[in-house]
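Below is one structure, written out as structure tokens; comments come after it.
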Amino acid sequence: MIYIGLTGWGDHYSLYPADLKAKDKLAEYSSYFPTVEVDASFYAVQPIRNAEKWVNETPQSFRFVVKAYQGMTGHQRTELPYPNKTEMFEAFKASLVPYIEADKLAMVLFQFPPWFDCKEEHILYLKYCKQRMDNIPVALEFRHQSWFAKSNREKTLAYMRTDNWIHTIADEPQAGDGSIPIVPVATNQQTTLIRFHGRNVHGWNRPKTKSTNWREVRYLYNYNQAELLEWKQRIKALEEQSQDIYLLFNNNSGGDAANNAQALQRMLGIGYQDLASQQLRLF
């Protein structure tokens with residue numbers, strides 16, 4: 001099964017009628033795509049009522065990729081709003097219960113920051129995260145090139161296989177140490193995740209300023225047909241390695257993510273049968 005979707009459901013204006021209220025966007029989104037990445041969980045552990053609402057608004061076959069809270073991945077360098085790491089992980093796991101009970105949790109995505117490089121201290125922390133998450137499926141995305149340096153690549157992939165991490169294959173600009181190459185290898189026989197960040201080399205490492213929205217610059221990219229065709233071939237090869245493949249487009253600064261996702265879906269000849277109904281739009 002190939003699941004194609006986007007990161008978040010709020011900003012994809014090409015999908016929605018101009019007068020659609022924010023609270024109704026997920027239901028509308030789920031009439032186009034069978035999966036989505038929950039980004040709100042990165043900024044704060046979400047109240048259970050939010051997950052309950054989102055689960056109830058989507059079809060039974062819909063799947064959520066929930067991004068790990070930034071305190072768990074080391075992005076948040078200020079004091080954490082939890083007395084210790086154990087309570088932080090337990091609070092996050094509790095927020096996942098509605099997804100799990102509805103059988104709608106595809107995985108939790110641990111995306112580590114660019115300063116999380118390949119060294120023993122960080123490998124031990126990966127093992128700690130895996131242990132704390134129990135049997136919940138977890139995906140791993142690096143942002144530091146050292147994990148896939150020539151001397152480390154096979155060791156990194158072997159570790160991910162041993163600890164049963166889902167490999168997050170990233171398509172992103174090749175812009176120095178704070179980016180990783182495309183490594184189209186599955187490490188989990190059940191699931192593989194691919195995230196499309198765009199290839200805006202000049203925007204990727206642009207420093208944050210008061211006058212510039214850093215995220216809007218970084219993810220400003222529109223994949224062309226040749227680039228998507230490259231991925232069609234990679235996906236066909238990955239289907240031999242992993243049962244389910246999730247594709248998430250994150251290049252939405254210019255509103256391109258939804259169009260790119262739909263274009264790749266057409267290239268792959270995929271037609272989803274269990275999406276939400278669009279019938280109400282006629283009335």
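The structure displayed is predicted, hence computed values, not measured ones.
- Once rounded to the nearest 0.5 Å, the distance linking CZ of Phe89 with OH of Tyr82 reads 11.5 Å.
- Applying the side-chain hydrogen bond (donor to acceptor under 3.5 Å, both in side chains) test between His197 and each of Asp171, Asn250, Asn251 identifies Asn250 as the sole match.
- His144 places none of its side-chain heavy atoms less than 4.5 Å from the side chain of Ile180.
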Decide side chain to side chain contact (heavy atoms under 4.5 Å, CB included) for Thr58 and Lys104; before the verdict, give the C-alpha distance in whole Å, the side-chain angles of both, and the deciding distance to 0.1 Å. CA-CA 9 Å; Thr58 51; Lys104 291 189 177 185; 2.9 Å; yes
Which atom pairs, donor and acceptor, lie under 3.5 Å between side-chain atoms of residues 124-131 and protein residues at least two apart or in another chain?
{"from": "Tyr125", "atom 1": "OH", "to": "Met72", "atom 2": "O", "distance (Å)": "2.6"}
{"from": "Lys130", "atom 1": "NZ", "to": "Asp163", "atom 2": "O", "distance (Å)": "3.3"}

Could you check Phe148 against His167 for ring pair (Phe, Tyr, Trp, His ring centres under 6.0 Å), going step by step and ending with a plain yes or no? CA-CA 12 Å; Phe148 293 114; His167 185 198; 5.8 Å; yes
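- Taken together through direct or relayed side-chain contacts under 4.5 Å among Ile, Leu, Val, Met, Phe, Trp and Tyr, Val97 and Ile136 form parts of separate hydrophobic clusters.
- Summarising the geometry, atom CD1 belonging to Ile235 is positioned 10.0 Å from atom CE belonging to Met267; distances are rounded to the nearest 0.5 Å.
- Summarising the geometry, atom CZ belonging to Phe62 is positioned 6.0 Å from atom OG belonging to Ser30; distances are rounded to the nearest 0.5 Å.
- Side chain to side chain, Asn222 and Asn260 meet the donor-acceptor criterion of an N or O pair below 3.5 Å.
- The two residues Pro114 and Gly178 come nearest to each other via the heavy atoms CB-CA, 4.1 Å.
- Under a 3.5 Å cut-off, the side chain of Gln70 and the backbone N or O of Ala68 do not form any donor-acceptor pair.
- Counted by atom type alone, Trp165 and Tyr159 present one or more donor-acceptor pairs between their side chains at under 3.5 Å.
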Residue pair Phe110, Met133: steps toward the side chain to side chain contact (heavy atoms under 4.5 Å, CB included) verdict: CA-CA 11 Å; Phe110 279 75; Met133 294 303 291; 3.8 Å; yes
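- Within 6.0 Å of CG in Asn152 there are more than 12 heavy atoms belonging to other residues, nucleotides or ligands.
- Two rings, from Trp231 and Tyr223, have their centers 6.0 Å or more apart.
- The heavy-atom pair separating Pro98 from Glu52 by the smallest distance is CG-CG, 3.7 Å.
- Counting only distance, with no hydrogens or angles, the side chain of Arg63 and the backbone of Ser61 share a donor-acceptor pair below 3.5 Å.
- Looking only at side-chain heavy atoms (C-beta outward), Lys155 and Arg153 stay at 4.5 Å or farther from each other.
- Across all their heavy atoms, Ala186 and Ser242 have their closest contact at CB-CB, 4.0 Å.
- Summarising the geometry, atom CZ belonging to Phe196 is positioned 4.0 Å from atom CZ belonging to Phe249; distances are rounded to the nearest 0.5 Å.
- Glu57 and Lys23 get closest at one heavy-atom pair: OE2-O, 3.7 Å.
- We find that Arg143 and Glu172 are joined by a salt bridge, their nearest charged nitrogen and carboxylate oxygen being less than 4.0 Å apart.
- The closest side-chain donor-acceptor pair between His12 and Asn252 falls under 3.5 angstrom.
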Before giving the answer on side chain to side chain contact (heavy atoms under 4.5 Å, CB included), spell out for Thr162 and Met160 the whole-Å C-alpha distance, their side-chain angles and the decisive distance to 0.1 Å. CA-CA 5 Å; Thr162 299; Met160 293 173 72; over 6 Å; no
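- Thr156 has its side chain out of reach of Arg161: every pair of non-hydrogen atoms, C-beta onward, lies at least 4.5 Å apart.
- Below 30°, between 30° and 60°, or above 60°: for Phe116 and Phe112 the angle between ring planes is below 30°, a parallel geometry.
- When every heavy atom of Gly271 is checked against every heavy atom of Gln273, the shortest pair comes out as O-NE2, 3.3 Å.
- Contact check for Tyr246 versus Ile194: no side-chain heavy atoms found under the 4.5 Å cut-off.
- The closest donor-acceptor contact from the side chain of Gln60 to the backbone of Ala102 lies under 3.5 Å.
- Put simply, the side chain of Leu275 reaches to within 4.5 Å of the side chain of Pro34, judged on heavy atoms.
- Residues Arg199 and Glu227 are in side-chain contact: their nearest non-hydrogen atoms beyond the backbone lie under 4.5 Å apart.
- Taking the six-membered ring wherever Trp is involved, the centroid distance between the rings of Tyr221 and Tyr219 does not fall below 6.0 Å.
- With Gln243 contributing its side chain and Gln189 its backbone, the two residues share no donor-acceptor pair below 3.5 Å.
- Evaluation of the side chain to side chain donor-acceptor pair (under 3.5 Å) rule for Asp134 yields Lys93 as partners, not counting sequence neighbours.
- Considering only heavy atoms from C-beta on, Lys25 comes within 4.5 Å of Tyr16 through its side chain.
- Atom-to-atom distance recorded for Thr187:OG1 and Leu140:CG is 8.0 Å, nearest 0.5 angstrom.
- For Gln190 and Asp244, the side-chain atoms include at least one donor-acceptor pair closer than 3.5 Å.
- Residues Asp117 and His122 have side chains that bring a donor and an acceptor to within less than 3.5 angstrom of each other.
- There is no path of hydrophobic side-chain contacts, each under 4.5 Å, that joins Ile48 to Leu105.
- A ring-centre distance under 6.0 Å is not found for Tyr69 and Phe92.
- The aromatic ring centroids of Phe42 and His75 lie less than 6.0 Å from each other.
- Of the possible donor and acceptor atoms, none in the side chain of Glu101 sits under 3.5 Å from a partner among the backbone N and O of Tyr99.
- For the pair Asn200 (side chain) and Leu220 (backbone), a donor-acceptor distance under 3.5 Å is present.
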As a quick check of understanding, evaluate side chain to side chain contact (heavy atoms under 4.5 Å, CB included) for Ile169 and Leu238, giving each step before the final call. CA-CA 11 Å; Ile169 302 166; Leu238 285 165; 3.8 Å; yes
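- Here the closest non-hydrogen pair linking Ile2 and Glu239 is CD1-OE2, 3.6 Å.
- Looking at Val66 and Asp39, their side chains never come closer than 4.5 Å, going by heavy atoms from C-beta outward.
- In the hydrophobic clustering of this structure, Tyr13 does not group with Leu6; members are Ile, Leu, Val, Met, Phe, Trp, Tyr whose side-chain heavy atoms approach within less than 4.5 Å, directly or through other members.
- To the nearest 0.5 angstrom, Ile245 atom CD1 is 13.0 Å from Arg234 atom CZ.
- Under the 6.0 Å cut-off for aromatic ring centres, Trp9 and Phe33 do not qualify, their centroids lying 6.0 Å or more apart.
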